[in-house]
Amino acid sequence: MSLASSLQNPTTDITPEGDDYETVRRVIEMLTLDYREQPALETIAVRLGQSPTQLQKTFTRWAGLSPKAFLQAVTLDHAKRLLGNEGLPLLETALELGLSGPGRLHDLFVSHEAMSPGEWKAKGAGLTIRHAFHPSPFGQALVMITDRGLAGLGFCDPGEEPACYADMAGRWPLAHFVEDRATTEIYVKRIFDPNAWQAEQPLRVVLIGSDFQVRVWQSLLQIPLGRAVTYSDIAQNIGQPTASRAVGAAVGRNPISFVVPCHRALGKSGALTGYHWGLTRKRAMLGWEAGCVG
DNA sequence: ACAAGGATAGAAA
DNA sequence: TTTCTATCCTTGT
């Protein structure tokens, strides 16, 4: 089977910035674990065995932000700002502008297609899924492609690949899995390079889930870069205003993280209430995106 | 059918 | 801050 080979070869292909995420991850962890003592940048640098200057470089290379700006981008205040409580109901706005439908969605230019309920219930039977791990700005990324487009994107830290693979593959237990780095690599480059997002032909994405889940994920696709919505916003958007709890569960099952921007769903208070691949990664994504906007 | 459990939210103590 | 509860889609029995 391809599983073994994919696990033994966690790739060192591209991404000269591969190490940067490790640093960023540890900084975020320190900040959130010891948030009481508000460690200064210099303290953190020392703990990591780096000079503040090195840290400066790492952040600007990784996020396009100075360390100070990045740290700000990871606070509760910033999260609240993303929610943009200044009025404009985000999701409806996107709909009115005609950004929905098969055309452009998301800043990444995604065209989405949902699998039929029958195919969903088949648990992937008859489906061929090509997959591989690649380094990404958010750790190791597991990419899963069907002939209808990107079906899965998961993340983990180096060494956790087996669990990550099991998690993703278990979602379509009857599918046929083939490791195919050549196919997945094309997608990876496109997904994590904001410069490639301007491309004219959209990234094909296929949403495999229950009807309810697909509607939730489609709502997520309407959230622009640099904004966020609450779980209840989404519940409103799909016409079931009291189902915010169920929305949370559905968001959590999103198989294509980052591309379907589930990291832009926050609690009403602005708190990051959860993330399937770890809250640290959710913070990192929001911080990284702050760099894209500014 | 039924029961348990979530990445919720709001209210009460 | 912690706890209680209304709510509702999924999944396992």
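In what follows, chains are A, B, ... by sequence order, proteins preceding strands, each numbered from 1.
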- Note on the structure: Sequence neighbours excluded, the answer for side-chain hydrogen bond (donor to acceptor under 3.5 Å, both in side chains) partners of A/Thr230 is A/Ser232, A/Asp233
- Message: Take N1-N3 plus N6-O4 or O6-N4 for Watson-Crick, N1-O2 plus O6-N3 for G-U, both under 3.5 Å. Which runs of 3 or more such pairs involve DNA chain C?
- Response: B:1-6 with C:8-13, B:8-13 with C:1-6
- Query: Taking any atom under 4.0 angstrom from a heavy atom of chain A, which nucleotides of DNA chain B are the first and last to qualify, 5' to 3'?
  - Reply: B/dG6 to B/dG10
- Note on the structure: So salt bridge (charged side-chain N to carboxylate O under 4.0 Å, His left out) across residues 205-221 of chain A, not counting sequence neighbours, yields A/Asp211-A/Arg215
Hey, can you pull the donor-acceptor pairs under 3.5 Å for the side chains in residues 65-77 of chain A, sequence neighbours left out?
from    : atom 1 : to      : atom 2 : distance (Å)
A/Ser66 : OG     : A/Ala69 : N      : 3.1
A/Thr75 : OG1    : A/Gln72 : O      : 2.8
A/Thr75 : OG1    : A/His78 : N      : 3.3

- Query: Is A/Thr230 touching bases, backbone alone, or none of the nucleic acid, heavy atoms closer than 4.0 Å?
  - Reply: sugar-phosphate
- Kindly write out the residues that satisfy side chain to side chain contact (heavy atoms under 4.5 Å, CB included) with A/Glu113, not counting sequence neighbours, or none if the list is empty. A/Arg148, A/Arg204
- Message: Just so I know, are the side chains of A/Thr58 and A/Gln50 near enough to count as touching, which here means a heavy-atom distance under 4.5 Å?
- Response: yes
- Could you tell me the separation between the CD atom of A/Gln236 and the P atom of C/dT7, rounded to a whole number of Å? 16 Å
- Would you indicate whether the side-chain heavy atoms of A/Leu150 and A/Val110 approach each other to under 4.5 Å? no
- Query: Are the side chains of A/Leu266 and A/Leu272 in touch, meaning some heavy atoms are under 4.5 Å apart?
  - Reply: yes
- Message: Please list all pairs meeting side chain to side chain donor-acceptor pair (under 3.5 Å) that have one or both residues in residues 250-262 of chain A, counting only residues at least two apart or in different chains.
- Response: A/Ser257-A/Trp277
Report, one pair per line, the protein and nucleotides 10-12 of chain C atoms (nitrogen or oxygen only) whose separation is under 3.5 Å.
from   : atom 1 : to       : atom 2 : distance (Å)
C/dT10 : OP1    : A/Ser210 : OG     : 2.2

- If the plane angle is over 60° it's perpendicular, under 30° parallel, otherwise tilted; pick one for A/Phe258 and A/Trp288. perpendicular
- Task: With sequence neighbours excluded, tell me which residues meet side chain to side chain contact (heavy atoms under 4.5 Å, CB included) with A/Thr242.
- Result: none
- Which pairs pass salt bridge (charged side-chain N to carboxylate O under 4.0 Å, His left out) with one or both residues in residues 165-176 of chain A, sequence neighbours excluded? A/Asp167-A/Arg171
- For A/Asp157, all residues meeting side chain to side chain contact (heavy atoms under 4.5 Å, CB included), sequence neighbours excluded: A/Tyr21, A/Arg25, A/Glu160, A/Arg281
- Identify, residue by residue, the members of residues 243-252 of chain A with a heavy atom below 4.0 Å from DNA chain B, and return them in order of residue number, or none. A/Ser244, A/Arg245, A/Ala246, A/Gly248, A/Val251, A/Gly252
- Compare all side-chain heavy atoms of A/Phe133 with those of A/Glu179 and state whether any distance is below 4.5 angstrom. no
